[in-house]
Engineer: 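If you scroll down you'll find the structure; I have some questions about it.
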Amino acid sequence: MYNAISISLGELVLKGKNRGQFEQKLDLQIKRVLKEKELKLYRDRGKIFIDTMEDTEGIIKEISNIFGIVMISPCIKTTLEREEIRNAVIETISYNRKEKQINTFKIMTSRANKKYPVDSMEMNRWLGGEVLNHFPDIRVDVHQPDMIVYVDIRSFCYVASQKIKGVGGLPMGTNGKGLVLLSGGIDSPVAAYMMARRGVRVSFLTFHAYPFTSEWAKDKVRQLVDLLTTYCIESTLYSINLLNIYQEIKKKCPEDESTIIARRFMMKIAEEIALEKQYDFLITGESLGQVASQTSKALGVIDAAVSIPILRPVIGMDKTEIIEIARRIGTYETSILPYEDCCSVFSPLHPVTQPKKDKILESETVLNDMTLIEEALQTLEKETFKL
Amino acid sequence: MIYADNAATTKIHAKSLQAYIEACGNFYANPSSSHAFGHICQVNLENTRFEMARFLKCHSEEIYFTSGGTESNNLIISGVCAREAEGLEILQTNIEHPSVMEPIKIQTKKGYQIIHIKTDQYGFIDSEDLEKRINNRTVLAVFTHVNSEIGTIQNIEMICNTIKKKNIKTHIHLDCVQSFGKIRIDLQKTKADSISFSGHKIHGPKGIGGLFIRKGSSIKPLFYGGLQERGLRPGTEDLPAAMAFAQAVKIRNDIMEDEYDRMIECKELLINHLKANLPNIIINSCSNASPYIINISIRDIKGEILVRYLESEEIYISTGSACSTKKHQKRSVIERLGRDQKDVEGSVRISIGMDNNRDEALIIAEKIIIYANAIRKVIKGGDVNV
């Protein structure tokens, strides 16, 4: 029945001068997602439309994960001839009556095309009357109707009854590039998702300590990136072996400070990669107070390791809230697989929770920062993920 | 490459592989088909069964093909305990393979009670406890001939005699997956009612295994369909796999005694070299355990890290236990035998087989020494060069 899909954009329409650029990015992403389908994508007064007679459900499912889209409707596209619009409304109601009991309805016309001679109220009244004539057993209820028929008048008219929620946010790539420190736990994939949703083009950096950590742990991270590619469309996964650094820290630094010093090294390495590959900021899944290295003091000491901004989108969230998002975006089940990214050999039993920057800096003086980071960077492996 | 994880699975023998390929090309008809080609396949299948029976010195009607050890164990456990039975008892130890313990656990839903027989530090069954626990409610007893993790060889003759003396009706099932084709099993002396075995543990193909079920045993099938395997295991038979399995068995029959002695030599060489050069190790396998399975604990290391260091040299052994962080993992046998948690974490299993030799045994020992020392250093915060 449907011959078009209408796509509404969220806050994108508020973006003033940048709007054109934002829309272009979104168009590109829709086209990429629908790469195997030769479909006509076009704009009609601020909204995006796709003409298609086939598999509307499948297409909607695929594009509903694209950031920047807030609402999607399968619809019947007609010319602006009144009879055609009427017929589309009748057909929409008939179709819905096959699926469920409909006793009441409401017509909601919106007229983006102000040249159209009939105003919205009048269209509602006229179409309502036509429906009542055609289906004598249903009536109008403007407060709690069983179904709403949306009549969207633009260069063409689009008649719809369903509004399917998209993920919202901003189109990928409209807010710079970020490098996510991905551990394989629950939080960092959520952090990646949240920033990607705000238009950040994200890539990933993971640390391992092979052979003290397993290939399975690396695979788990790969799986997570693969899952996140549903939203990120394209990304790179960098991985670095930290074994040497862990060993040096264990050998030379106070045990209770080893976690915090290791975290600082991760940031320094991430910063190096970010500078070289032109990422604008780092993103972590740190949540305040969750573990010893995530107390306010510890975060301060970690921040001091680098000058690149570190974004922490889940900083103020409870674990249960983070888990809820992880479940929704489909990363939770993979995140809870039991493969550790850091061997317990290098985790102190009682890590310091209130580290002092000066004290940590002093502990670090015995380590040869530059050489260690350089050596770690030599273990860099890179893998690209595409939708 | 040195492959020493033969208790997990083995490389298929060239002759077995050849038999498989030839059978796929030549004997692909369905043995149940009524035409002559089907009949030829049926004849081949029965010949294969006969070969298996000759090896086990039993009747060919007592041999059933299955998909492997897990299915064989499941089939017997569910098949003996088919009816609801409040208060009937099943005997086992707490160091059985998951393919025994899990299906037995499920039987409790039908009212069966599980009785665990005491074992000693190496997992040997306490014969006095066994005798005490058998009564007229004991319907099934399931024990493993050779333990897959530490290699302990149970005295199956004694076990069967003890049980049958007190309750002749008790069905005795032995999981012989790790012993079949390595240690001769005399089914005349060992009064087991059924034993299970598998193709891929003896250089045969994966996906095929079998059961010996003594005539007169009443077993219900796991699933229903055609009349293949006398209705006990319906589904079109995998004739190529069966023929390749029989070929592997034939090879075992020819070499197993000599190979066993050779394995003892390899095992002793490996253990002696380790003992002499690596302090603080514990040999978890007892001295008269199967020479194919060597389980050791190395203090102050984690077994899985050692396994990964060895894999970088293309030496493949297995962890004796999963790292304690993998909470969902089944507890290892040495853990269930009550060993110290540190020894559990530091354990590895080296399982040698027909393709390994003395030189390889020494290389394995040598590399274990090098990497265990390196790991110890790292864990203690020492120097790093590995």
Side-chain angles (χ1 to χ4, degrees), chain A residues 183-186 208-220 241-259 261-262 265 291 332-349 351 363 366-368 371-372 375-376 378-379 381, chain B residues 1-2 5 8 297-332 335 341-348 364 367-386:
Chain A
S183 66
I186 296 166
H208 61 89
Y210 185 83
F212 272 66
T213 57
S214 70
E215 276 293 325
W216 300 101
K218 273 170 142 183
D219 266 354
K220 174 181 166 184
N241 192 339
L242 270 194
L243 180 56
N244 205 15
I245 291 178
Y246 282 132
Q247 287 176 338
E248 280 286 304
I249 296 173
K250 190 174 173 77
K251 200 166 64 172
K252 296 177 178 165
C253 301
E255 195 195 355
D256 62 345
E257 291 173 2
S258 59
T259 306
I261 295 173
F265 266 101
V291 291
Y332 181 74
E333 295 300 325
T334 305
S335 286
I336 58 169
L337 291 174
Y339 310 114
E340 303 287 320
D341 59 320
C342 175
C343 185
S344 57
V345 166
F346 303 114
S347 311
L349 274 180
S363 303
V366 293
L367 302 171
N368 191 341
T371 320
L372 284 173
E375 280 170 2
Q378 274 165 17
T379 68
E381 286 173 85
Chain B
M1 179 177 90
I2 300 176
D5 196 18
S297 288
I298 304 170
R299 289 257 162 91
D300 306 320
I301 74 154
K302 284 174 190 284
E304 63 173 303
I305 299 173
L306 177 61
V307 167
R308 288 196 286 266
Y309 270 107
L310 292 174
E311 81 191 8
S312 67
E313 299 250 10
E314 291 196 324
I315 295 173
Y316 299 102
I317 66 166
S318 153
T319 43
S321 153
C323 191
S324 58
T325 51
K326 294 180 191 168
K327 291 191 179 70
H328 78 304
Q329 292 277 353
K330 297 248 175 292
R331 290 165 72 222
S332 68
E335 196 173 2
Q341 187 56 35
K342 278 193 167 169
D343 293 336
V344 171
E345 278 184 20
S347 69
V348 290
I364 295 170
K367 295 290 179 188
I368 287 178
I369 293 162
I370 292 170
Y371 288 116
N373 279 328
I375 297 166
R376 277 178 176 167
K377 263 187 194 166
V378 172
I379 289 179
K380 284 179 183 158
D383 268 324
V384 284
N385 298 322
V386 174

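Protein chains get the first letters and strands the later ones, always in sequence-line order, with residue 1 at the start of each. Side-chain atoms are counted along with the backbone in the values below, which use heavy atoms only and exclude waters and symmetry mates.
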Engineer: Closest approach of V378(B) and Q247(A), non-hydrogen atoms and distance?
Structural biologist: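 Smallest interatomic distance, heavy atoms only, reads CG2-NE2, 3.1 Å.
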Engineer: Please classify the contact between Y210(A) and chain B as side chain, backbone, both or neither, with a heavy-atom cut-off of under 4.5 Å.
Structural biologist: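 Just the side chain, heavy atoms under 4.5 Å.
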Engineer: Measure the CZ-CH2 distance between R308(B) and W216(A) for me, rounded to the nearest 0.5 Å.
Structural biologist: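 One finds 11.0 Å between CZ of R308(B) and CH2 of W216(A).
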Engineer: Between I375(B) and V345(A), is a side-chain contact (heavy atoms from CB on, under 4.5 Å) present by the stated rule, with each step listed?
Structural biologist: CA-CA 10 Å; I375(B) 297 166; V345(A) 166; over 6 Å; no
Engineer: Heavy-atom distances under 4.5 Å only: say whether I249(A) touches chain B with side chain, backbone, both or neither.
Structural biologist: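 Neither part.
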